[in-house]
Amino acid sequence: MPDLKTFLEENREAFVESLKELLRIPSVSTDSRHKGDVKTAAEWVADRFRELKFETQVIPTEGHPIVFAQSPPVPGKPVALVYGHYDVQPPEPLELWTTPPFEPTVRDGNIVARGATDDKGQMLTHVLGAMAWMKSVGELPIQVKFLIEGEEEIGSASLGPFIEQNKELLANDVVVISDCSQFGPGQPAITYGLKGIAYFELKLTGPNRDLHSGTFGGSVRNPANTLCSMLGSLVDEHGWIHIPGFYDDVKPLTGDERENFAELPFDEESFKKQLGIDAVHGEEGYTTLERRWARPTLDINGLTSGYQGEGAKTVLPGVASAKFSCRLVPDQCPDKIADALREHLTKICPPGMKMELTAHHGSPGFVVSTDSPYIQAAKDAIEQGFGNAPVLIREGGSIPIVANFAEQLKSDVLLLGWGLDDDNTHSPNEKFNLGDFQRGIEASALLWAEIAKITK
Ligand code: BES
Ligand code: ZN
């Protein structure tokens, strides 16, 4: 048997081939046409665990299957549970991809495909790290459980009840998740906070059909105009959100935290350049990192009304709708925000307009303590795997189920992102750096040894 390090080094190419196999499966969870593909991806993941002789289950749900597997118990040692997801976001718009989204291609040291970083590539680092132990040493130094789901990108509706009903099966000391980012290239990070989310859809209906905008304009309230002014009134030029009660439960940033953020080498000029913007924008009184990581926001995610085809059509549309979401911070509660929003929109919706508000998924924000022994173990493993000590950061994305692990299973949570902010997650040409893929596998393998040193 080769030793662990030799095995990791000698299998670089095999790891990439394995990732490519998974990336070829179009497991788009939100699109019912891909239900079969989502199941195929679940089975593919389960097969990796079966190969290692881990006790493995593929659990059907009302939505997509949950994959659970576990290595043999190691008495007296902590138990880790790896959470990840094998589902992906839709690849559209297809015409903006340089190569097809489900034909993984290596370019400039990156693998390009939908799901490369979010989350197939990152999730697989832990599967392959465990495989390296099994195939070199023959066993893992601690018990590692895996909970890999297929509904993360649509709000994890089936997983909450599954956790509630399987607390013993899932019992662990620390949950390990790689579904976020490093601070920057060459600067790994441990993420100690994520935002929550409350997602909405607002539909306004005016006249009973689309109208000639000359014949009827000026006499009928236009749903598209009204939608713009209603949504426009929710956030002002200072970046403040005008929903009564919205800020009531927001936990303010501490002075220490603001100092820590300010010490990070964030380069605003290159941030702007990377995004092609000439000015940053957000809530007054906060820095860009503070706004991105620790202040609540409201963004429109999609707008639909009237004529969208080529050329011009003079129409006064009968309907207008928008999808929009608030990113939340501790201790804001998604249900409370939904109630406050509904009350406010009902109040400002003018006569001549029918309003329907749908609250889609919601999940709370999350912050973990940074002085646990598991954070220290992760720091040591990352420093060895990446050759560079990690910094502590928060991030603006959401992993809906993350709070459940702390609340329902009383677990510590480690968010170890191997991705980069410019990985084009949810966008065309999603990528994952293959150097980071390999370093992630190594850091994961080393993490199990570091956690084994912790006395329970
Ligand atoms: N990997 C992301 C979460 C993420 C993104 C964490 C960026 C940190 C930084 C995850 O797959 C995701 O996209 N989550 C959704 C959740 C939503 C659909 C409920 C999100 O944040 O939009
Ligand atoms: Zn995602």
Side-chain angles (χ1 to χ4, degrees), residues 83 152 155-156 159-160 163-164 174-181 183 189-200 234-235 239-264 266 282-299 324-341 359-372 374-375 378 390-417 421:
Y83 164 78
E152 195 273 348
S156 298
L159 196 57
I163 294 174
E164 192 54 46
V174 59
V175 170
V176 178
I177 305 176
S178 293
D179 191 19
C180 46
S181 294
F183 182 65
I190 295 177
T191 299
Y192 68 91
L194 290 174
K195 283 189 186 171
I197 191 166
Y199 199 108
F200 305 101
L234 296 181
V235 192
W240 294 323
I241 294 165
H242 293 277
I243 301 168
F246 184 84
Y247 291 100
D248 283 2
D249 301 322
V250 171
K251 198 181 254 168
L253 269 146
T254 64
D256 278 356
E257 208 169 18
R258 298 188 85 165
E259 271 173 35
N260 292 342
F261 287 7
E263 274 168 20
L264 291 168
F266 177 68
E283 189 182 0
E284 231 170 76
Y286 294 93
T287 67
T288 300
L289 285 186
E290 288 167 354
R291 294 164 177 167
R292 289 174 61 203
W293 293 351
R295 293 296 299 170
T297 56
L298 186 152
D299 279 287
F324 62 102
S325 54
C326 299
R327 294 282 172 173
L328 310 177
V329 298
D331 294 319
Q332 287 178 297
C333 160
D335 290 339
K336 219 169 141 184
I337 295 297
D339 290 344
L341 178 75
H360 289 283
H361 53 71
S363 62
F366 185 72
V367 170
V368 282
S369 141
T370 53
D371 54 14
S372 83
Y374 297 105
I375 295 264
V391 288
L392 288 169
I393 64 170
R394 284 171 70 166
E395 289 191 80
S398 312
I399 300 176
I401 205 69
V402 72
N404 298 51
F405 292 122
E407 279 160 26
Q408 291 171 267
L409 300 178
K410 311 286 173 229
S411 316
D412 264 63
V413 176
L414 283 176
L415 297 162
L416 313 178
D421 279 343

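With values rounded to the nearest 0.5 angstrom, Cys326 atom SG is found 9.0 Å from Ile197 atom CD1. Summarising the geometry, atom CG belonging to Leu289 is positioned 12.5 Å from atom CD belonging to Glu263; distances are rounded to the nearest 0.5 Å. Interatomic distance, Cys180 SG to Arg394 CZ, rounded to the nearest 0.5 Å: 13.5 Å. For the atom pair Ile190 CD1 and Ile393 CD1, the distance stands at 10.0 Å (nearest 0.5 Å). How far CG of Asp412 is from CZ of Phe405: 13.5 Å, rounded to the nearest 0.5 Å. One finds the CD atom of Glu290 at 7.0 Å from the CZ atom of Phe261 (value rounded to the nearest 0.5 Å).
Note on ring orientation: taking the six-membered ring where Trp is involved, the planes of Trp293 and Phe183 are perpendicular (angle over 60°, cut-offs 30° and 60°). His360 and Tyr199 have perpendicular rings, their planes meeting at more than 60° on a 0 to 90° scale where under 30° would count as parallel.
Residues Phe266 and Thr287 have side chains not in contact (no heavy-atom distance under 4.5 Å, counting atoms from C-beta outward). At least one side-chain heavy atom of Gln332 sits under 4.5 Å from a side-chain heavy atom of Pro296. Looking only at side-chain heavy atoms (C-beta outward), Ser411 and Tyr83 stay at 4.5 Å or farther from each other. In this structure, Asp179 and Glu152 have side chains that are in contact, with non-hydrogen atoms separated by less than 4.5 Å. For the pair Leu194/Ser398, no side-chain contact is recorded, criterion being any heavy-atom separation below 4.5 Å from C-beta on. For the pair Tyr192 and Leu415, the minimum side-chain heavy-atom distance is 4.5 Å or more. Looking at heavy atoms from C-beta onward, Pro334 lies out of side-chain contact with Ile337 at the 4.5 angstrom threshold. Considering only heavy atoms from C-beta on, Ile177 stays 4.5 Å or farther from Thr191 through its side chain.
Of the possible polar contacts, none joining the Ser363 side chain to the Gly196 backbone as a donor-acceptor pair under 3.5 Å is found. Of the possible polar contacts, one joining the Lys195 side chain to the Arg292 backbone as a donor-acceptor pair under 3.5 Å is found.
Legend: residues meeting side-chain hydrogen bond (donor to acceptor under 3.5 Å, both in side chains) with Thr297, ordered by chain and number and at least two apart, are absent. Listed by chain and residue number, nothing satisfies the salt bridge (Lys or Arg N to Asp or Glu O under 4.0 Å) test with Asp339 (two or more places apart in sequence, or in another chain). Legend: residues meeting side-chain hydrogen bond (donor to acceptor under 3.5 Å, both in side chains) with Ser369, ordered by chain and number and at least two apart, are Asp371. Residues passing the salt bridge (Lys or Arg N to Asp or Glu O under 4.0 Å) test with Arg295 are Glu283, sequence neighbours excluded. Every residue two or more places apart in sequence or in another chain that forms a side-chain hydrogen bond (donor to acceptor under 3.5 Å, both in side chains) with Gln408 is listed here: Glu164, Asn404.
Residue Pro330 comes nearest to Phe366 through the heavy atom pair CG-N, 3.8 Å, listed as atom of the first residue, atom of the second, then distance. Minimum heavy-atom separation, Ile163 to Ile401: CD1-CG1, 3.7 Å.
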Show the atom names and distances, to 0.1 Å, of all donor-acceptor pairs under 3.5 Å that link a side chain in residues 240-251 to residues at least two apart or in another chain.
unit_1 : atom_1 : unit_2 : atom_2 : d
His242 : NE2    : Asp236 : OD2    : 2.7
Tyr247 : OH     : Ile241 : N      : 2.9
Asp249 : OD2    : Lys336 : NZ     : 2.8

Evaluate Leu253 against Val329 for side chain to side chain contact (heavy atoms under 4.5 Å, CB included), listing each step before the verdict.
CA-CA 10 Å; Leu253 269 146; Val329 298; over 6 Å; no
